Amino acid sequence: MYTEKRAKSQIHRSVNETLHTKNVKNQQVYQRLKLSLSLGLRRQILFAICDDLKLRNRIAARLHSLLAYPVGNVLYQQKNREEFSTQAYPRLVTWRLNVSDPNPIAQINQWLVNYPPPIVGGSKNNSGRPLPTPGFQIVGVEMLTKEPVAVQRLFLNYLSLSEVYLSSQESSSFLESSLLFWVSRPWLSAIQQAAPKFWHCRTGVFVFTGEPTPTVDNRVYAEDFPDSLPLEQENLQGLFVDEEEIYRGLRQTNQPDLSGNKNESLLTQIPEQSPVHFPEITTEKNFPFLSHINKELYELIKETLNTDDSGATQQILWEIEQLHIQDIGGNELAISGECFAIAYQNLGNLYRSFIEQGQATLQNLMIAILAYQEAVTYDESSPQIPDILNDLGTLYWMLHRIRDNSEEAKIYIHQGIDFYKLALKLIRGDTQPETYARIQNNLGAAYGDLARFSEPVENWNLAVMAYHEALRYRQEKIEPLKYAACQNNLGTAYWHLGQYNRPVEHIKKAIAAYKLALVHYEATDEPLKYGMIQNNIGTAYWNLSQYEQPIENLQLAIQTYTQVLKYRTSTNSPHGYAATQNNLGIAYWYLANQQTITKEDQQKFIKLCINSYEEAVNTAHSLSNINLSFDLCLTHNNLGMANYYLVTNGGFDGDKKMLSRHLEAALENHLQALNGFSKQPENYQITINHIIKIIRTFYKELGIQGQNLALSKLPGCLLADILAKL
């Protein structure tokens, strides 16, 4: 039991509790927000701004755990057994906005009707008193972005309608305590514009910074494009395709098992351009005071001034400020909305150019998003709207790539898809074929990324539909490279579908699409892209060999991979060269193990397998700071098993010296693989078993001298364990 006095002290202590975060600024903002909520003041309209959903969820949960029931299960001490008692009544209610009917005020009032504050302290001689009305913490506003525009406007209209309560002194249940909205920066901007009086009645704004800021995927490269071109994923990523590289999944078998598995989300790696250097403009005196521009946008831009060249940002902001100053009348604009839209679009274009130059930071992405959304707000009838919506879709797609939380990334992809679909509603393919095809291609790419998070079959099917729609309006003769890029993406989508159902049908369609793409690339002009598509064809043939005509399809895979190595060399693309050699080794291994293969051919294919694996691992070890698209430890294990199998499968005709050399190579590669399996107990134990088998073969074929040679290669930490199992 707690007394009321003790309850108050408990609340006081909870206010001083810290949030577990390394960001000092976030800790300070959190403390202020928690204090504001714990005071229980009337008519508080609070806004918490956070674009990092992982951080938002952690803070909201922390606030709820501390403030919802601050004194345990019983709020006030019972003075006698006849006193009216009640279960704990929350001091803070947390719920998600109902996006089907986004009326937060009605939702609050309905909650209070269902759960009115109970009467406490009652007795025979005292009617008691009601507990205070709880505060309300509202999350989920960002989910409205996935809803139709009409639903989004409905939410903003509900906020505008609530202004009548805020401007009067009449009692209203939801105003009896604090109301906290969790919103992202884009939604904050929307509220400021569409419900200005509601925003004016705010009593506190708390801005949280996502931590840590994730790094940009270093496989995204930049190209220079004319400013007139809309931002699109193709510009940022070349062909925008997830290149498939196969590698084995280890299973314990009597002989080497080199099962191929896809490695998703591997972008084509093109050498990055040299970074563009800009003069730094960081002092406060160089930045003008702007009273009419969105404060959050203003603060974000201040943090990014060192990326601006020749004061272009200040110039655009000054122009926007002047437009606001000239805007006379209050209710009607003296300056047309088109002028504001153009100015904000220029601001978005400027930061889009920074992004295209490789500066795809979270701040730059958010500024571009806010600027473009402002442009759309001021002029919804502009002919530029489809291109702006496409840009917004791509910017949100990029946000998901630089965020490290899967649930948050999924939300950003949904937002990007919604913008693409909205843009497609405003145009027709027969009147604007280039724009229509570009957006459909981007939509397909976004569905492909969404498939990594949920409902893969449905989303890959949607990707296929989008790519087909894009190809209807991408004229092969006029735009051959864009047509080829889309065919390549379609092939990848079909390849993925083949991993879930109707594999033969879908993989054959993937091969057909890849071949149509390949026609439009000259191997001498674009060897890397040509080699990349050839590699995809080889992978598809390898995959097809698992279902039909294994020898024929494996031979086609080997022929294709061999062709790839003419264009992916150890010099111009060492990572791609290593990956293709790894794939070639896998294909040779599977071909060597077909039942109808003779012992003589089996020996030949195993030797070719070993050569390919050795090229893969040697090249990989020569690289630094490059993420491989295959598991190097698994490749070492595969190389070890191939060397062992070569001398034990019955067709080996070499001398004792050759046998010893291959057994030593097998042992050394398994030991190399073991170093990477410390946190993979199953693979670790399988590899230990391979090592034991090799040592026994040393003894069987080369006697005690051979066994001692093998044992001399073991690290001391393994020796006792291995000896016990021999």
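Just so it is clear, the structure is predicted and the values come from calculations on it, not from any experiment.
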Verdict with reasoning, Y561 to N535, per side chain to side chain contact (heavy atoms under 4.5 Å, CB included): CA-CA 6 Å; Y561 285 139; N535 191 78; 3.5 Å; yes

Test item: N637 and N669 side chains (from C-beta on) under 4.5 Å apart, heavy atoms: no

Rounded distance (nearest 0.5 Å) linking atom CD1 of I511 with atom OG1 of T539: 10.0 Å

Nearest-0.5 Å distance that lies between atom NZ in K656 and atom CG in L663: 10.0 Å

Geometric class of the Y494/H506 ring pair [parallel <30°, tilted 30-60°, perpendicular >60°]: parallel

Min side-chain heavy-atom separation M532-R568 under 4.5 Å: yes

K482 side chain near E434 side chain, heavy-atom distance below 4.5 Å: yes

Residues N441, Y467; criterion side chain to side chain contact (heavy atoms under 4.5 Å, CB included); working and verdict: CA-CA 5 Å; N441 183 77; Y467 289 135; 3.5 Å; yes

R452 and K410, any side-chain heavy atoms less than 4.5 Å apart: no

Test log, rule ring-ring contact (aromatic ring centres under 6.0 Å, His included), inputs Y514 and W495: CA-CA 10 Å; Y514 286 141; W495 189 95; 8.9 Å; no

Qualifying residues under side chain to side chain contact (heavy atoms under 4.5 Å, CB included), relative to V457, sequence neighbours excluded: N461, L497, Y500, N501

Side chain to side chain contact (heavy atoms under 4.5 Å, CB included) against H621, all qualifying residues, sequence neighbours excluded: V617, L632, H636, Q672

D653, CG: over 12 other non-hydrogen atoms inside 6.0 angstrom: no

Side-chain (D721) to main-chain (C717) donor-acceptor, under 3.5 angstrom: no

N572 side-chain N/O to Y567 backbone N/O, donor-acceptor pair under 3.5 Å: yes

Geometric class of the F453/H400 ring pair [parallel <30°, tilted 30-60°, perpendicular >60°]: perpendicular

Minimum heavy-atom distance between C609 and G585, given as atom pair plus value: SG-O, 3.3 Å

Salt bridge (charged side-chain N to carboxylate O under 4.0 Å, His left out) contacts touching residues 509-524 (sequence neighbours left out): E505-K509

W542 and Y590 aromatic ring geometry - parallel, tilted or perpendicular at 30°/60° bounds: perpendicular

Partners meeting ring pair (Phe, Tyr, Trp, His ring centres under 6.0 Å) with Y447 (sequence neighbours left out): none

Heavy-atom closest contact (Y412 atom, Q415 atom, distance): CD2-OE1, 3.0 Å

Pairwise side-chain contact, Y613 with I610, heavy-atom cut-off 4.5 Å (strictly under): no

Contact check, side chains of I537 and V564, non-hydrogen atoms, under 4.5 Å: no

Nearest-0.5 Å distance, CD of residue Q707 to CG of residue L709: 10.5 Å

Interatomic distance, T569 atom OG1 to L565 atom CG [nearest 0.5 angstrom]: 9.5 Å

N643 side-chain N/O to E664 backbone N/O, donor-acceptor pair under 3.5 Å: no

Ring centers of W397, Y420 separated by less than 6.0 Å: no

Test item: Q603 and N649 side chains (from C-beta on) under 4.5 Å apart, heavy atoms: yes

Stepwise side chain to side chain contact (heavy atoms under 4.5 Å, CB included) check, I606 with Y588: CA-CA 7 Å; I606 290 296; Y588 275 127; over 6 Å; no

Worked check of side chain to side chain contact (heavy atoms under 4.5 Å, CB included) between L544 and L556: CA-CA 10 Å; L544 189 59; L556 287 170; over 6 Å; no

Partner residues of Y483 under the ring pair (Phe, Tyr, Trp, His ring centres under 6.0 Å) criterion, sequence neighbours left out: H520

Donor on one side chain, acceptor on other, N689 and Q685, under 3.5 Å: yes

Which atom of Q440 lies closest to which atom of A470, heavy atoms considered: CB-CB, 3.7 Å

Check: K657 main-chain N/O paired with S660 side-chain donor or acceptor under 3.5 Å: no

Separation between CG of L711 and CD1 of I704, rounded to the nearest 0.5 Å: 8.0 Å

Shortest non-hydrogen contact from A360 toward L365: O-CD1, 4.2 Å

Closest contact, heavy atoms only, Y547 versus G498: OH-O, 4.5 Å

Interatomic spacing from OH in Y577 to CG in L584 - rounded to 0.5 Å: 9.5 Å

Which atom pairs, donor and acceptor, lie under 3.5 Å between side-chain atoms of residues 694-702 and protein residues at least two apart or in another chain?
residue	atom	partner	partner atom	Å
R696	NH2	K725	O	2.8
T697	OG1	Y644	OH	2.9
T697	OG1	K693	O	2.9

Residue pair C633 / N675, side-chain heavy-atom distance below 4.5 Å: no

Inter- and intrachain pairs under salt bridge (charged side-chain N to carboxylate O under 4.0 Å, His left out), touching residues 590-612, at least two apart: D601-K604

Minimum-distance pair of heavy atoms, taken over all atoms of Y521 and A485: OH-N, 4.0 Å

Contacts of M465 that satisfy side chain to side chain contact (heavy atoms under 4.5 Å, CB included) - sequence neighbours left out: L462

Pairs involving residues 534-548, ordered by first then second residue, that meet salt bridge (charged side-chain N to carboxylate O under 4.0 Å, His left out) (sequence neighbours left out): K508-E548

Ion pair check, E469 and R472, cut-off under 4.0 Å: yes

Qualifying salt bridge (charged side-chain N to carboxylate O under 4.0 Å, His left out) pairs with a residue from residues 667-676, counting only residues at least two apart or across chains: E668-K713

Qualifying residues under ring pair (Phe, Tyr, Trp, His ring centres under 6.0 Å), relative to Y473, sequence neighbours excluded: Y436

Residues that L718 engages under side chain to side chain contact (heavy atoms under 4.5 Å, CB included), provided they are two or more places apart: L671, L674, Y684, I688, P715, I722

